Amino acid sequence: MTDSILSKAATMEIPINSNGDSRTAEDDSLEQDLQQVMVSGPNLNETNIVSGGYGGAAEGIIPTSSIKDIRSKSRGIAPSHSATSRIANQPGHYPAPSMHHSNSNPSMMSEEATRGVAVEKFDTMKKWSINTYKCTKQMFSERFGRGTKTVDLELEAQIDVLRETKIKYERILRLAHELTNHFYNMVQTQQALGDTFADLSQKSPELQDEFGYNAETQRLLCKNGETLLGAINFFVSSINTLVNKTMEDTLMTIKMYENARLEFDAYRTDLEELSVGPQDAAAMVRIEIAQQQYQIQKDKYERLHSDVSIKLKFLEENKVKVMHKQLLLFHNAISAYFAGNQQQLEQALRQFNVKLKPSGSDKPSWLEEQ
C-alpha cells in the first residue's frame, strides 16, 4: 500500500505542458536558453507586433507582454501583477463591471419605487375612507333631522325648475321622435301608392288619366312630406342637443355642487364638535387640522355655487333662444304642409337654414338615405 501511495504522489508532481505530454530535460534546457536570449536581447516589453503588416491600424498593435502572459496562462502560471496592470491600462481595454453592484442597485431602486407607490395608495385610500365616513355621517344626520344643512333657497328653487323642465322637454323629444317615425311610414306608403298608380296608368288605357292624376298627387305629397320630414328632423336634433347636452352638462355641475355642499357641511360639523370639546394640546392640533380642511371645503363649495349660478343663467337664455327658433320653424312647416303650400314650406326651411334637396337632382331622397 505504501508503494502505491508513493507512486501516486510521484504522478501528481509530474508537470504537464500545453500538449498534455510530460516535460523532459530538453524542454527545461530550451526554456533556460530562451530566457537568457530575452534577458540579453532588447527590451521585448517595449516591442510591438503589428497585425496586418507594416502601417497597420493602431488597434492591431498587440503588446508582447500580453503574449507573454497568455503563454504563461497556457502553462498554468498566473500573470504577474505588473503585467495585469499593463493590460488594464492599454487603450480599448475596459474592466469587467461588478455584477453584484449592477444587480443590486436596480433591485433596490425598484423596491423603493414600489414602496413609494404603496404608501401613496395607502394615503389616498385613508383620505377617501375618512371623507366617505364623514359625508355618510352627515347625510344620515340630515335625513333623520339631527344635523344642520346649508341651503340657498333661491338656487335650490332654480335647480328644481330645471329638473322639471328637463322632464317635460324629454317628453316633447320622445313625442317628436314618434311623429317622425309615423310620418316617415306615411310618406313611404304615399310613394309606393304613387308608383302603383303610375304603373296602372300605363297598363289601363281606359283609366289612364285617372290613375295619372292620382299618381301625380301622391308624388307631390311625397315630395312635400320629405321636406316636412327635414324640418321635423332639424327640430328633433336641436331639442336633443338642448336636453341631452346643454341641460345635462348643467345638471352634472349641480351634482358636483351638491356633493361639495355635503362635504362642506360634514367638515363644518366636525369642526364644531371639536370646538366644544376639551382644549388640550392634542385637541388644539386636531382643531387646527379640521380648520384647514374646513377652509378647503368651503372654497370648493363657494366656487361650485358660483359655477351653478352662472350656468343656470346662461342655460335659461340659451333655452329661450333655441326654443323660439325651433317652435316657429315647426309651426310654419306643419301649417304649410297641411295647407298644401309647397312654396311656403320651402321658404320656412330656407328661413331657418335647413338644407333642401335640389330640384331635379339624381341623388337619393332623404327617405332613401335612412
Side-chain angles (χ1 to χ4, degrees), residues 162 164-199 201 210-251 311-370:
L162 173 60
E164 293 177 0
T165 302
K166 186 173 184 291
I167 294 174
K168 294 176 181 179
Y169 277 50
E170 287 175 343
R171 178 173 173 79
I172 292 175
L173 185 60
R174 184 172 61 254
L175 293 173
H177 272 298
E178 294 178 1
L179 176 63
T180 303
N181 293 332
H182 294 325
F183 197 76
Y184 172 77
N185 292 330
M186 187 185 75
V187 172
Q188 287 285 80
T189 304
Q190 288 175 338
Q191 184 177 8
L193 186 60
D195 293 340
T196 304
F197 284 154
D199 182 63
S201 175
E210 289 78 2
F211 278 127
Y213 296 152
N214 282 276
E216 187 65 25
T217 301
Q218 294 301 321
R219 287 175 178 175
L220 180 60
L221 290 174
C222 182
K223 180 180 179 181
N224 292 342
E226 290 181 357
T227 305
L228 180 59
L229 277 172
I232 297 176
N233 186 61
F234 185 72
F235 174 81
V236 170
S237 176
S238 300
I239 301 300
N240 181 70
T241 302
L242 177 64
V243 173
N244 294 322
K245 291 186 178 180
T246 309
M247 289 185 178
E248 189 64 28
D249 178 71
T250 304
L251 288 174
K311 284 197 172 186
L312 285 173
K313 180 181 178 181
F314 282 116
L315 175 61
E316 184 64 24
E317 296 176 355
N318 187 41
K319 182 193 71 175
V320 172
K321 182 179 179 180
V322 170
M323 292 307 299
H324 173 77
K325 176 181 178 179
Q326 296 302 320
L327 290 173
L328 187 59
L329 167 66
F330 189 81
H331 172 268
N332 293 343
I334 292 289
S335 301
Y337 173 80
F338 285 100
N341 193 336
Q342 180 181 359
Q343 294 181 352
Q344 184 178 355
L345 178 59
E346 294 179 354
Q347 180 63 31
L349 269 68
R350 292 192 187 95
Q351 180 182 357
F352 296 99
N353 298 322
V354 180
K355 294 182 180 180
L356 297 173
K357 177 186 174 183
S359 59
S361 175
D362 295 331
K363 294 182 180 180
S365 65
W366 181 85
L367 290 174
E368 295 172 347
E369 294 176 351
Q370 297 303 313

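Residue numbers run from 1 in the order of the sequence given. It should be emphasised that the depicted structure is a prediction, and the values quoted were computed from it without experimental measurement. Just so it is clear, the values below take in all heavy atoms, side chains as well, and ignore hydrogens, waters and symmetry mates.
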Measure the spacing between OG1 of Thr180 and CG of Asn185 and express it to the nearest 0.5 Å. 11.0 Å

Over all atoms of both residues, closest heavy-atom pair of Leu329 and Ala348: CD1-O, 3.9 Å

Value for CE (Met323) from CD (Gln326), rounded to nearest 0.5 Å, stands at 7.5 Å

Verify, without hydrogens or angle tests, whether Asn341 (side chain) and Tyr337 (backbone) share a donor-acceptor contact under 3.5 angstrom. no

Should Gln218 and Leu221 count as side-chain neighbours, where that means a heavy-atom distance under 4.5 Å? yes

Look at Glu170 together with Lys166 and state whether they make a salt bridge at an N to O cut-off of under 4.0 Å. yes

Verdict with reasoning, Phe352 to Leu328, per side-chain contact (heavy atoms from CB on, under 4.5 Å): CA-CA 9 Å; Phe352 296 99; Leu328 187 59; 3.8 Å; yes

Answer yes or no: are there more than 12 heavy-atom neighbours, outside His331 itself, under 6.0 Å from its atom NE2? no

Contacts of type salt bridge (charged side-chain N to carboxylate O under 4.0 Å, His left out), residue Glu216, not counting sequence neighbours: none

If you compare all heavy atoms of Ala231 against all heavy atoms of Leu349, which two are closest, and at what distance to 0.1 Å? CB-CD1, 3.7 Å

For the student: nearest non-hydrogen atoms of Leu345 and Asn224, plus distance: CD2-O, 3.6 Å

Looking just at side-chain N and O atoms, do Glu346 and Gln342 make a donor-acceptor pair shorter than 3.5 Å? yes

Whether the side chain of Ser201 engages the backbone of Phe197 through a donor-acceptor N/O pair (distance < 3.5 Å, no angle test) should be reported. no

Within this structure, what is the CG-CG distance for the pair Leu251 and Leu315, rounded to the nearest 0.5 Å? 8.5 Å

Show the numbers, then the answer: is there a side-chain contact (heavy atoms from CB on, under 4.5 Å) between Leu175 and Leu179? CA-CA 6 Å; Leu175 293 173; Leu179 176 63; over 6 Å; no

Taking Lys321 first and then Glu317, would you say they form a salt bridge - that is, a charged N and a carboxylate O separated by under 4.0 Å? no

Any side-chain heavy-atom pair from Arg350 and Gln347 closer than 4.5 angstrom? yes

Say you draw a straight line from CG of Leu229 to CZ of Phe183; how long is it, rounded to the nearest 0.5 Å? 5.5 Å

Quick one: ring-ring contact (aromatic ring centres under 6.0 Å, His included) pairs with a partner in residues 213-237, sequence neighbours left out? Phe235-Phe330

Specify the closest pair of heavy atoms between Gly194 and Ala215, including all atoms of both residues, with the distance to one decimal. O-CB, 3.6 Å

Does Ser237 reach the main-chain N or O of Asn233 with its side chain, forming a donor-acceptor pair under 3.5 Å? no

Kindly compute the distance separating NZ (Lys223) from CD (Gln191), expressed to the nearest 0.5 Å. 13.5 Å

Please report the shortest heavy-atom distance between Val187 and Cys222, naming the atom on each side. CG1-SG, 3.7 Å

Partner set under salt bridge (charged side-chain N to carboxylate O under 4.0 Å, His left out) for Glu316, not counting sequence neighbours: Lys319

Take Leu173 and Leu242 through the test side-chain contact (heavy atoms from CB on, under 4.5 Å) and record every step on the way to the result. CA-CA 10 Å; Leu173 185 60; Leu242 177 64; over 6 Å; no

Check whether any side-chain heavy atom of Asp195 sits under 4.5 Å from a side-chain heavy atom of Asp199, and report yes or no. no

Mind running side-chain contact (heavy atoms from CB on, under 4.5 Å) on Gln351 and Asn332 for me, showing each step along the way? CA-CA 10 Å; Gln351 180 182 357; Asn332 293 343; 4.2 Å; yes

To the closest 0.5 Å, what do you measure between CD (Gln188) and CD (Glu226)? 8.5 Å

Which pair of heavy atoms, one from Leu162 and one from Thr250, lies closest together, and at what distance? CD2-CG2, 3.8 Å

